Each structure stands twice: as C-alpha cells, then as structure tokens.
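Throughout, protein chains are lettered first and strands after them, A, B, ... in sequence-line order, and every chain is numbered starting at 1. Please read all numbers here as calculations on a predicted model, not as lab measurements.
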Number of protein chains: 2
Amino acid sequence: MTRLREQVLSLIWQSHRPLGAYDILDSLNADGRKAAPPTVYRTLDFLQRMGLVHRIASLNAFVGCTQPSHHHSGCFLICETCHNVLELPSSSIRNAIEGEARKQGFAPRETVVEVTGLCPACKDDGPTNE
Amino acid sequence: MTRLREQVLSLIWQSHRPLGAYDILDSLNADGRKAAPPTVYRTLDFLQRMGLVHRIASLNAFVGCTQPSHHHSGCFLICETCHNVLELPSSSIRNAIEGEARKQGFAPRETVVEVTGLCPACKDDGPTNE
DNA sequence: CCCTCGAACGTTATACTATAACCCATGTCC
DNA sequence: GGACATGGGTTATAGTATAACGTTCGAGGG
Ligand SMILES: [Zn+2]
Ligand SMILES: [Zn+2]
Ligand SMILES: [Zn+2]
Ligand SMILES: [Zn+2]
C-alpha cells in the first residue's frame with residue numbers, strides 16, 4: 001500500500017457514490033499530486049485486484065467494496081435519483097446465476113449484476129427532489 | 001421502421017457477436033451511407049426502446065434480442081475467447097434479483113446481468129484456439 | 001392549397017472513458 | 001555492483017458517447 005493507493009482508496013471510501021476515474025484524477029491533482037489518467041487507472045486496477053474496489057460497468061465508475069474480506073463480483077442496487085449504490089451480499093444470487101450458466105455448459109469467471117431503480121428514500125420522497 | 005433502422009438491425013442480427021457502435025458506423029459507411037456517430041446511437045436507442053436490441057454494458061456493445069416479443073432486461077453469457085454471447089431466458093434469475101432488491105426497499109427498473117467466462121466450445125477446446 | 005408541426009436523419013464539434021508506449025526512480029537479491 | 005521487479009510520471013492516442021443545430025419530408029388542419 002503506497003501513499004497514492006491509500007489516497008485513491010480513501011477518496012472512494014469517502015464518497016458514498018460511485019466515482020469516475022476522472023473525478024479521482026481531479027481530486028488528486030487538486031491535492032497537489034501531478035497525475036495523469038494512467039496513474040489513476042493503474043491504481044484502480046490494483047485496488048480491484050486487491051478486492052477493495054468494484055467497477056460499475058453500467059456507470060463507468062468505481063465504488064468501495066463493503067466485504068473486502070474475500071474476492072467476489074459485486075451485486076449492486078443503483079439509485080437513479082440520488083446515485084447512491086448499495087452492494088448486496090450477493091453469494092446466493094451469484095450462485096443461482098452461475099448455476100444457470102453451468103447448466104448451459106458455460107464456465108463462469110466473472111459476474112456483473114447491476115440493478116438500477118429507486119432507493120427506499122427516493123422512492124418514497126416522490127418526484128420532488130432530484 | 002425506416003431503411004436505416006432495418007439496415008442496423010440486420011447488421012446486428014447477422015453478427016453473432018456483439019457489435020460496437022463504431023463497427024456499425026463503419027459498416028454503414030462502407031455501404032454507401034454517409035453516417036456519423038449520432039446517427040448510429042440514435043438508431044440503437046430506438047432499437048433498444050423497441051426491445052429488439054440489448055446493450056452489453058461490460059463490452060460497450062450491442063446484440064440482437066432473442067425474445068423480442070416482450071420488453072425485458074437481458075441476461076448474458078459472454079465468452080472471453082470466441083466472444084459469442086448467449087442470451088438466457090432470464091425471468092427466473094431476474095425475479096430472484098429483483099425480489100432481493102425489493103427486500104431492501106429498492107424499486108428496480110432495469111437489471112443488468114452479464115456473466116463472462118468460457119462457452120462450452122472454448123472451454124473444451126483448451127487454450128489452443130483464440 | 002398553404003401552413004405548421006414533428007420525426008428522422010445529417011453535420012459539426014466536443015465531452016468522456018481508457019490504454020499504449022516509454023521513461024526513470026527505488027528497492028531487493030545475488 | 002548488476003540484474004531484475006515494482007511504482008508511477010509523461011506524452012500521445014484510441015475508443016465511446018452526446019450536444020446542438022440544420023434540413024427534409026410527410027401528416028393533418030385551416
Ligand atoms: Zn464487494
Ligand atoms: Zn436514491
Ligand atoms: Zn432479450
Ligand atoms: Zn467461446
């Protein structure tokens with residue numbers, strides 16, 4: 001864990017929404033570091049390999065993992081209004097999906113599950129607040 | 001259904017792999033049409049709204065739907081070697097996921113399920129053929 | 001018939017996301 | 001000290017997507 005990696009991880013943890021790579025880049029540069037895109041993407045790759053960060057494919061953005069203890073593909077509920085993301089403990093869902101895949105003779109390696117919709121707060125608050 | 005839309009849909013159907021928007025763009029232009037990116041993206045938006053085409057978020061690419069009769073989010077098995085994609089009839093999986101989401105008070109609208117791995121053919125053929 | 005309106009598409013420019021390729025500094029092992 | 005691996009800076013470029021505006025054409029109403 002280097003200073004750069006800590007810095008990026010901390011940015012991701014402090015935001016409760018997914019961060020784009022260029023958001024992170026801007027924060028780093030605002031913070032005095034002289035970074036360019038490859039720096040950020042390399043760091044994100046590392047954090048993903050460590051299981052500390054997930055990429056949200058449908059948003060091109062990155063979130064901290066809430067169960068970094070073991071490697072896993074995540075399962076995410078993404079609010080379209082407030083943009084908060086909830087990571088579900090996904091093992092049962094993933095098992096179901098990968099079971100279905102194996103039934104087709106397919107050997108799963110990585111599974112993306114991303115549900116977009118409205119979180120409890122935004123669902124109840126009606127269409128008033130964006 | 002206009003000529004352009006038919007043309008794009010036919011390109012997508014003829015390819016058994018996901019096509020990138022710029023692949024489609026190149027095909028159109030090779031075919032005499034003078035198209036630019038917005039033309040392609042607009043057409044793809046339309047075809048998605050019609051339920052004829054799905055976007056694969058983890059590939060930034062588009063595939064034809066195999067059950068265009070009713071609107072649905074797809075559930076895809078994506079081979080990392082041959083790049084073929086199989087769309088599963090996903091209702092049971094989607095129900096499970098969306099049930100889990102509702103348990104959290106979340107109102108699901110769209111669900112992305114994308115499994116990458118090896119298809120039956122590539123799994124058995126070993127690492128020989130790319 | 002002429003007018004209005006909206007849909008489809010062309011056109012230009014630009015934003016956003018990600019990677020290639022190369023360099024140098026530092027640390028470890030022999 | 002030399003060989004090698006890792007981290008990260010630097011420059012350039014590739015790949016994906018949208019904003020904003022203009023033109024054409026056809027449907028429907030006066
Ligand atoms: Zn996680
Ligand atoms: Zn919300
Ligand atoms: Zn489908
Ligand atoms: Zn395959």
Side-chain angles (χ1 to χ4, degrees), chain A residues 1-12 15 17-64 76 78 80 83 85 110 112 114 116, chain B residues 1-12 15 17-64 76 78 80 83 85 110 112 114 116:
Chain A
M1 256 306 176
T2 64
R3 174 89 187 98
L4 172 65
R5 289 166 176 176
E6 281 169 13
Q7 222 173 327
V8 171
L9 186 55
S10 142
L11 283 168
I12 289 177
S15 153
R17 298 125 116 94
L19 285 182
Y22 281 72
D23 297 334
I24 293 169
L25 181 58
D26 292 345
S27 293
L28 289 177
N29 285 330
D31 211 43
R33 184 177 281 270
K34 240 173 98 188
T39 299
V40 175
Y41 283 102
R42 275 191 298 238
T43 306
L44 289 169
D45 285 349
F46 171 83
L47 295 173
Q48 286 174 268
R49 281 197 308 274
M50 295 298 99
L52 298 170
V53 160
H54 295 288
R55 179 173 139 84
I56 310 283
S58 52
L59 299 177
N60 295 326
F62 302 84
V63 290
F76 302 97
I78 304 165
E80 291 174 317
H83 305 110
V85 168
E110 197 83 26
V112 172
E114 296 170 9
T116 55
Chain B
M1 256 309 177
T2 65
R3 174 90 187 98
L4 173 64
R5 290 166 175 175
E6 281 169 13
Q7 221 172 327
V8 171
L9 186 56
S10 141
L11 283 169
I12 288 177
S15 153
R17 297 124 118 93
L19 285 182
Y22 282 71
D23 296 334
I24 294 168
L25 181 58
D26 293 345
S27 293
L28 289 176
N29 285 331
D31 210 44
R33 184 177 281 270
K34 239 173 97 188
T39 299
V40 174
Y41 283 101
R42 275 192 298 239
T43 307
L44 289 170
D45 285 349
F46 172 82
L47 295 173
Q48 286 174 268
R49 282 197 307 276
M50 294 299 100
L52 299 170
V53 161
H54 296 288
R55 179 172 140 83
I56 310 284
S58 52
L59 298 177
N60 295 325
F62 302 84
V63 289
F76 302 97
I78 305 165
E80 292 175 316
H83 304 112
V85 168
E110 196 85 25
V112 172
E114 296 170 11
T116 54

Once you apply a heavy-atom cut-off of 4.0 Å, does [X] come out as touching a base, just sugar-phosphate, or nothing?
X: B:R42; value: base
X: B:R3; value: nothing
X: A:T39; value: base

Closest-nucleotide ordering on DNA chain D, the 5'-leading residue of A:T2 and B:F62: A:T2
Gap between atoms [atom1] and [atom2], on [X] and [N] respectively (whole Å):
X: B:F46; N: C:dG6; atom1: CZ; atom2: P; result: 19 Å
X: A:L44; N: D:dG7; atom1: CG; atom2: C1'; result: 15 Å
X: A:D23; N: C:dA18; atom1: CG; atom2: C1'; result: 15 Å
X: A:D45; N: D:dG7; atom1: CG; atom2: P; result: 12 Å
X: B:R5; N: C:dC9; atom1: CZ; atom2: C1'; result: 9 Å
X: A:R55; N: C:dT19; atom1: CZ; atom2: C1'; result: 13 Å
X: A:I56; N: C:dT17; atom1: CD1; atom2: C1'; result: 16 Å
X: A:M1; N: D:dG7; atom1: CE; atom2: C1'; result: 13 Å

Evaluate the side-chain proximity of [Y] to [X]: yes if any heavy-atom separation is below 4.5 Å, no if none is.
X: B:L59; Y: B:H83; answer: no
X: A:T43; Y: A:T2; answer: no
X: A:L44; Y: A:I24; answer: yes
X: A:R33; Y: A:L25; answer: no

B:S15 side chain vs B:L11 backbone, donor-acceptor pair below 3.5 Å: no
With a 4.0 Å limit, can you tell me whether [X] has a side-chain N or O closer than that to the phosphate oxygens OP1/OP2 of [N]?
X: A:N60; N: C:dC16; value: no
X: A:T43; N: D:dG7; value: no
X: B:Y41; N: D:dT18; value: no

C:dA18 base / A:Y22 side chain donor-acceptor hit below 3.5 Å: yes
